[in-house]
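A short worksheet on the structure shown next.
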Amino acid sequence: EIQDVKMRKVIDSRGNYTVEATVILDGFCGVSSAPAGASTGATEVLAFPKGGVDSGIEFFNRNVKSSLMGFHAINQVQLDSMLKDLDGSDNFSNLGGNLATAISMANAKAVANALKIPLYRYVGGNLANSIPRPMGNVIGGGKHTRNGTTIQEFLVSSQGKTFLDSAYTNAMVHRRIGEMLSDRFKDQSVGVGDERAWTANISDEDAIELLKAAVKEVSSERKMEIKLGLDFAATSFFENGKYVYRDRKLNKDEQIDYAISMAKDHGFYFVEDPMVDTDFDGFAKVTAAIRDKAIVVGDDLYTTNVERVKKGIEMKSSNGILIKVNQIGTLTATYEAVKVATRSGMKNTISHRSGETTDNFIAHLAVAFSSTFIKSGTIGGERLAKLNELARIEEDLLVL
Ligand code: PGA
Ligand code: ZN
């Protein structure tokens, strides 16, 4: 039984306020906080109501808290639907999707603690036995930086024997790219974006060359395959019907060809949000062309929303999906999107957000959801909170 739920403000990795929830049961508790996006999808739930974090907490104290007292925390599905009902809107615009996310997750953690089992086991059951591969952002631009590439993220996924091996090798690629950028911009300092990927005043083509060069070196040094990924986050540079790059504008067909060439000519294995988030058909064309060699991933396209996933399945829009709990607001709704996507054969990738906290719950969800990848950067405490937790979980699974 829930004895108390406390909501508090905490600060995220960008220095903005977000929320953390503590759910208290008899003798056990769960604590969880919610992250924040910068290139948020149009169909995501609202992170906070109009008045911001404070209004969300006020709404919670006035309209939600009392209904949670005495509730049987083990009924996660019921709890999540109650949060929806008490909010009363269809996009959490009263309570705030981040408050719902924090409460939903904190409740699951509290129950896992009370049952004395790890969170991944509680959420995923006996099927939760596989460890994802880390997919880490090494060069970034878009809305995560001020003057970087148009494409939001260039990623690597090292295929090591263990999770830690892979994560360490991803970090080596990150370091190598930093060195290469310093060589190139000798009298300037280079910086990092919100997710700690390197950012510099370079074109997308330059970034691809740099990425490939660094990967080649590290891959041979570590004798390890390293897969390439990218997140166009295409909605963020779609203006008046065109995809606007620094030096050119592409129409729909040209953007489709460009995305296809990323897989066919440059060997990218992971191609996220290649088209604007309303273009299920454009996604389908990219997917049809490269699905035998790459995963096309819908992030802003789906916003972890099961109805949008169903549309994507019907239209064959992608063979992959990105999962972020606070795009949809509850663990149950997230689970539904994952279930439907997985049943149709999509590979799922659990993901951090550009503004993060040190909460590690997505590490557990990656195992619970049998995710192919986890996107959680390569360095930085708020990113490593997840990566290092997966190293611990892997140790756990080996013992069992
Ligand atoms: P975010 O974007 O800024 O919304 O977290 C990350 C992503 O597009 O994958
Ligand atoms: Zn994305």
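Both counts, for ligands and for their atoms, begin at 1 and track the order of listing. None of these values were measured; they are calculated from a predicted model.
Protein heavy atom at the shortest distance from atom 4 (O) of ligand 1 is Arg353 NH2, 2.6 Å. For atom 5 (O) of ligand 1, the nearest protein heavy atom (residue, atom name, distance) is Ser354 N, 2.9 Å. Counting only heavy atoms of the protein, atom 8 (O) of ligand 1 lies nearest to Gln152 NE2, 2.9 Å. Protein heavy atom nearest atom 6 (C) of ligand 1, with residue, atom name and distance: Lys324 NZ, 3.4 Å.
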For residues 105-117, which side-chain donor-acceptor pairs fall under 3.5 Å, sequence neighbours excluded?
unit_1, atom_1, unit_2, atom_2, d
Asn107, ND2, Ala73, O, 3.0
Asn107, ND2, Gln76, OE1, 2.9
Lys109, NZ, Val31, O, 2.9
Lys109, NZ, Asp359, OD1, 2.9
Lys109, NZ, Asp359, OD2, 3.4
Asn113, ND2, Cys29, O, 2.7
Asn113, ND2, Lys109, O, 3.4

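Between Ser39 and ligand 1, at least one N/O pair is under 3.5 Å apart. Ligand 1 has no nitrogen or oxygen under 3.5 angstrom from a nitrogen or oxygen of Gly37. Between Ser351 and ligand 1, not a single N/O pair is under 3.5 Å apart. Taking distance alone, with nitrogen or oxygen atoms compared against 3.5 Å, Glu272 approaches ligand 1 more closely than that limit. Of the N or O atoms in Glu44, none lie within a sub-3.5 Å distance of an N or O in ligand 1.
Not a single ring-ring contact (aromatic ring centres under 6.0 Å, His included) links Phe59 to another residue, sequence neighbours left out.
Near Ala38, meaning under 4.0 Å from any of its heavy atoms, are these atoms of ligand 1: 1 (P), 3 (O), 4 (O). If you number the atoms of ligand 1 from 1 as listed, the ones under 4.0 Å from a heavy atom of Asp299 come out as 7 (C), 8 (O), 9 (O).
At a 4.0 Å heavy-atom cut-off, ligand 1 touches Asp231 through the side chain alone. Contact annotation: for His352 versus ligand 1, there are no heavy atoms closer than 4.0 Å.
For the pair Arg392 and Glu389, the salt-bridge criterion is met [side-chain N within less than 4.0 Å of a carboxylate O]. Taking 4.0 Å as the cut-off between side-chain N and carboxylate O, Glu20 and Lys9 do not count as a salt-bridged pair.
Under a 4.0 Å heavy-atom criterion, Lys375 is in contact with ligand 1. Using a non-hydrogen distance threshold of 4.0 Å, Lys143 does not register as a contact of ligand 1.
Looking at His266 and Lys212, their side chains do bring a donor and an acceptor atom within 3.5 Å of each other. Looking at Ser166 and Gln159, their side chains never bring a donor and an acceptor atom within 3.5 Å of each other.
Annotation for Lys347: atom NZ does not count as buried by contact number, only 12 or fewer foreign heavy atoms lying within 6.0 Å.
Taking the six-membered ring where the residue is Trp, Phe232 and Tyr258 present perpendicular rings, their angle passing 60° and hence far from 30°.
Note on the Zn ion (ligand 2): protein N/O/S atoms under 2.8 Å are Asp231 OD2, Glu272 OE2, Asp299 OD2.
Atom CG in Asn170 sits 12.0 Å away from atom CD1 in Ile379 (nearest 0.5 Å).
Geometric assessment of Arg222 against the ring of Tyr168 yields a negative cation-pi assignment under the 6.0 Å and 45° thresholds.
Test Arg383, Arg353, Arg14 against Asp194 for salt bridge (Lys or Arg N to Asp or Glu O under 4.0 Å) and you get one pass: Arg14. A side-chain hydrogen bond (donor to acceptor under 3.5 Å, both in side chains) with Ser104 is found for exactly one of Asn326, Thr334, Asp80, namely Asp80.
Clustering of Ile, Leu, Val, Met, Phe, Trp and Tyr side chains at separations under 4.5 Å places Leu322 together with Met135, Leu155, Tyr269, Phe270, Ile295, Val297, Phe373.
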